[in-house]
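Some notes on the structure that comes next.
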Amino acid sequence: MTDLAQDLARAAKHHNLEAGFDVERIRQDFPILSREVHGKPLVYFDSGASAQKPRAVIDAMVEVMENEYTNVHRGAHYLSQTLTDRYEGVRETIARFINAGSENEIVITRNTTEAINLVAATYGRKFLSKGDGVVISDMEHHANIVPWQMLRDEIGIELKIAPIDDRGVLDLDAYGDLLDQNTKLVAMTHCSNVLGTVVPAAEIVRMAHDRGIPVLLDGSQAVVHSKVDVQALDADFYVFTGHKLYGPTAIGVLYGKAELLAQMPPYQGCGDMIATVTYDKTTYAEPPYRFEAGTPPIIEAIGLGAAIDYVSAIGMDAIQTHESALLAYGMERLGEMPDIKLFGTAPEKAAIFSFIQEGIHPFDTAATLDRAGVATRVGQHCAEPLMARLGVDGTVRASLAMYNTTAEIAVMIAALERARALFG
């Protein structure tokens, strides 16, 4: 029996941990997973960058383009009225998915980056002043660093960094020390895109609220892997993107508590964000429309709604259980390899593996994986400060999703062993 065959047999035994989750049936819903790369079956381990799309999402978007397409909100004709209802129905779907108090707390954006920039440019400019502090963590995506740096350079706020330990666990004591009288906002990842660390979000929010400090959580990775309840978390703002949640690109979400959105000025001008316009004065619409300038991403919103319906039908708890089995098996197998250095070993963690092969450049590792059909990401993952904290120039990242299997992890392990033989 070959090494790969032994690994596949071992993976099959481990697969019993995923009982009750029909991953093979789910895989059939994703057309791209049936293709080959370099003559090998595609193993897609880059869902942290952008997940693949199920047929339900593809069909929903094509159906709109073929049979329902028009503009929304202002048309007096049948197509516009019906598509407006469907578009606004997505807002309700999103609100239910994250348990928002109302669909009026859901602002539709292009992505997480725009959502964070929106908060920085509106809430930040109105309520933060020179010397005020914004707390982020040592494991943020650039999207949750750069907007605050821009605000710092514009008005003189202070950016405070909550540290992590070598496992990638947030230091809650140090975080608490940063919540002083000058701190006016916390903006923190819910789940690290590099380490997979899931932060204790409810505790982070509670500690900040005890001091009267509002909290923004970046849920781009978290909302994909487990159930999110923004009311239970008591988050003031929660942001995520559609393309990691099996939906299309160019669609994202900003949840904001109604009382905060009502106090925030517009982000951009024109489109549905206006109430009245004269040459002398413009009055603005109520939230969420106040923050949605221009023609909205109609088709993309329909795709996101279909994606949320799809994962909701499967069940986020079932998805989390399946991915926890993948995480356990992956950590076990990678931990057995003497040349693999893993980054991100927090007890609470999503199925994201960042690693290097000692003595081998990460790009060589990734290229070897690619030749085996395994799609990973390599580099700094839009997290340069975290790479500096880890002391590396970059890593290979395998980010898994509900459609992945333990057998695919075994394929990755065999490819890593081949890389060791080639370059080690």
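Along the sequence shown, the residues carry numbers beginning at 1. This structure is a prediction, so every number in the text was calculated from the model and none was measured.
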Step by step, work out the side-chain contact (heavy atoms from CB on, under 4.5 Å) result for V90 and I302. CA-CA 7 Å; V90 172; I302 298 301; 4.2 Å; yes

Answer whether the closest heavy-atom distance between the side chains of L172 and E203 falls below 4.5 Å. yes

Has K244 got a side-chain atom pairing as donor or acceptor with A49's backbone, closer than 3.5 angstrom? yes

R377 side chain vs A366 backbone, donor-acceptor pair below 3.5 Å: no

Between E417 and R420, is the salt bridge (Lys or Arg N to Asp or Glu O under 4.0 Å) condition met? List the steps. CA-CA 5 Å; E417 290 173 343; R420 182 198 307 153; 5.1 Å; no

For the residue pair Y44 and F30, is the inter-centroid distance of their aromatic rings smaller than 6.0 Å? no

Residues L233 and A202: closest non-hydrogen pair is CD2-N, 3.8 Å

Can a donor-acceptor pair be found between the side chains of H209 and D236 at a distance below 3.5 Å? yes

Could you check whether R96 pairs with E103 (Lys NZ or Arg NE/NH1/NH2 to Asp/Glu carboxylate O, under 4.0 Å)? no

Between Q221 and the options I352, L245, T197, the side chain to side chain contact (heavy atoms under 4.5 Å, CB included) test singles out I352

Between S137 and E140: side-chain donor-acceptor atoms closer than 3.5 Å: yes

Distance check, rounded to the nearest 0.5 Å: I299 atom CD1 versus L304 atom CG? 14.0 Å

Counting heavy atoms not belonging to D166, are there more than 12 under 6.0 Å from its CG? no

Exercise: identify the closest heavy-atom pair between N71 and S80: O-OG, 3.0 Å

Does atom CZ of R418 have more than 12 heavy-atom neighbours from other groups under 6.0 Å away? no

Polar side-chain atom of E105 near backbone of A258 as donor-acceptor pair, under 3.5 Å: yes

Donor-acceptor under 3.5 Å (Q231 side chain, N99 main chain): yes

Take atom CE in M150; do more than 12 heavy atoms of anything else shown fall under 6.0 Å from it? no

Can you tell me if E348 has over 12 outside heavy atoms packed within less than 6.0 Å of its CD? no

Exceeds 12 heavy-atom contacts within 6.0 angstrom, atom CZ of R371: no

Identify whether the distance between the nearest side-chain nitrogen and carboxylate oxygen of R211 and D180 falls below 4.0 Å. no

Using a strict cut-off of less than 4.0 Å between a Lys/Arg side-chain nitrogen and an Asp/Glu carboxylate oxygen, indicate whether R389 and E384 qualify as a salt bridge. no

For D59 and K53: C-alpha separation, side-chain torsions, deciding distance, then whether salt bridge (Lys or Arg N to Asp or Glu O under 4.0 Å) applies. CA-CA 10 Å; D59 288 348; K53 319 307 171 193; over 6 Å; no

Pairing of R290 and D272 as salt bridge, 4.0 angstrom limit: no

Hey, mind stepping through Y255 and F240 against ring-ring contact (aromatic ring centres under 6.0 Å, His included) and telling me if it holds? CA-CA 9 Å; Y255 158 81; F240 64 94; over 10 Å; no

Give a yes or no answer on whether the side chain of H361 reaches the backbone of F363 with a donor-acceptor pair at less than 3.5 Å. yes

Which distance, rounded to the nearest 0.5 Å, do you find between the CG of L390 and the CG of D138? 8.5 Å

Beyond-backbone contact of P296 with V72, side-chain heavy atoms, under 4.5 angstrom: yes

Heavy-atom check, side chain of L400 versus side chain of E323, under 4.5 Å: no

Does R110 have more than 12 heavy atoms from other residues, nucleotides or ligands lying within 6.0 Å of its CZ? no

Before accepting this row, confirm whether a basic side-chain N of the pair E358/K341 lies closer than 4.0 Å to the acidic partner's carboxylate O. no

Closer than 3.5 angstrom, by distance alone: can the side chain of R27 be matched with the main-chain N or O of V23 as a donor-acceptor pair? no

Nearest heavy-atom pair of E408 and L42: which atoms, and what distance? OE2-O, 3.8 Å

Mind listing the closest non-hydrogen atom pair of H225 and A350 along with its distance? CD2-CB, 3.7 Å

Measuring from L334:CG to S354:OG, what's the distance to the nearest 0.5 Å? 10.5 Å

Are any of the side-chain heavy atoms of I356 and I340 separated by less than 4.5 Å? no

Considering residues, nucleotides and ligands other than D393, do more than 12 of their heavy atoms fall under 6.0 Å from its CG? no

Give a yes or no answer on whether the side chain of K184 reaches the backbone of F127 with a donor-acceptor pair at less than 3.5 Å. no

Would you check if there is a donor-acceptor pair between the side chains of Q357 and T365 at a distance under 3.5 Å? yes

Closest non-hydrogen contact found for F21 with M402 is CE2-O, 3.5 Å

Show, in sequence, the C-alpha distance, side-chain angles and deciding distance for R91 and E292, and conclude whether the salt bridge (Lys or Arg N to Asp or Glu O under 4.0 Å) test is met. CA-CA 13 Å; R91 201 185 304 271; E292 296 179 359; 2.7 Å; yes

Taking atom types as modelled and ignoring hydrogens, do the side chains of T189 and H141 form a donor-acceptor contact shorter than 3.5 angstrom? no

Do Y403 and D29 have side-chain atoms, one donor and one acceptor, less than 3.5 Å apart? no

Using the side-chain contact (heavy atoms from CB on, under 4.5 Å) rule, take F45 and F353 through it: C-alpha gap first, then chi angles, then the decisive distance, then the call. CA-CA 10 Å; F45 282 177; F353 309 100; over 6 Å; no

T395 versus V392: any side-chain heavy-atom pair under 4.5 Å? yes

If we ignore angles and hydrogens, is there a donor and acceptor under 3.5 Å between the side chains of D370 and H38? yes

Donor-acceptor under 3.5 Å (D218 side chain, Y238 main chain): no

Backbone of A383 reached by a side-chain donor or acceptor of H142 within 3.5 Å: yes

Do Y123 and L261 come within less than 4.5 Å of each other through their side chains, counting heavy atoms only? no

Centroid-to-centroid, H73 to Y87, below 6.0 Å? yes

Taking atom types as modelled, find out whether T183 and K160 have a side-chain donor-acceptor pair closer than 3.5 angstrom. yes

Between L254 and the options I116, N117, I106, V239, the side chain to side chain contact (heavy atoms under 4.5 Å, CB included) test singles out V239

4.5 Å side-chain heavy-atom contact, L216 and M188: no

Quick one: are F423 and T368 in side-chain contact, heavy atoms under 4.5 Å? yes

Inspect the contact between D317 and K227 and indicate whether a charged nitrogen and a carboxylate oxygen are less than 4.0 angstrom apart. yes

Give the intermediate values and the outcome of salt bridge (Lys or Arg N to Asp or Glu O under 4.0 Å) for residues R86 and E68. CA-CA 10 Å; R86 188 171 178 185; E68 300 178 57; 2.6 Å; yes

Establish, from distance only, whether the side-chain atoms of T241 and S220 form a donor-acceptor pair under 3.5 Å. no

Taking all heavy atoms of V224 and all of M316, pick out the closest pair and write down the distance. O-CE, 3.3 Å

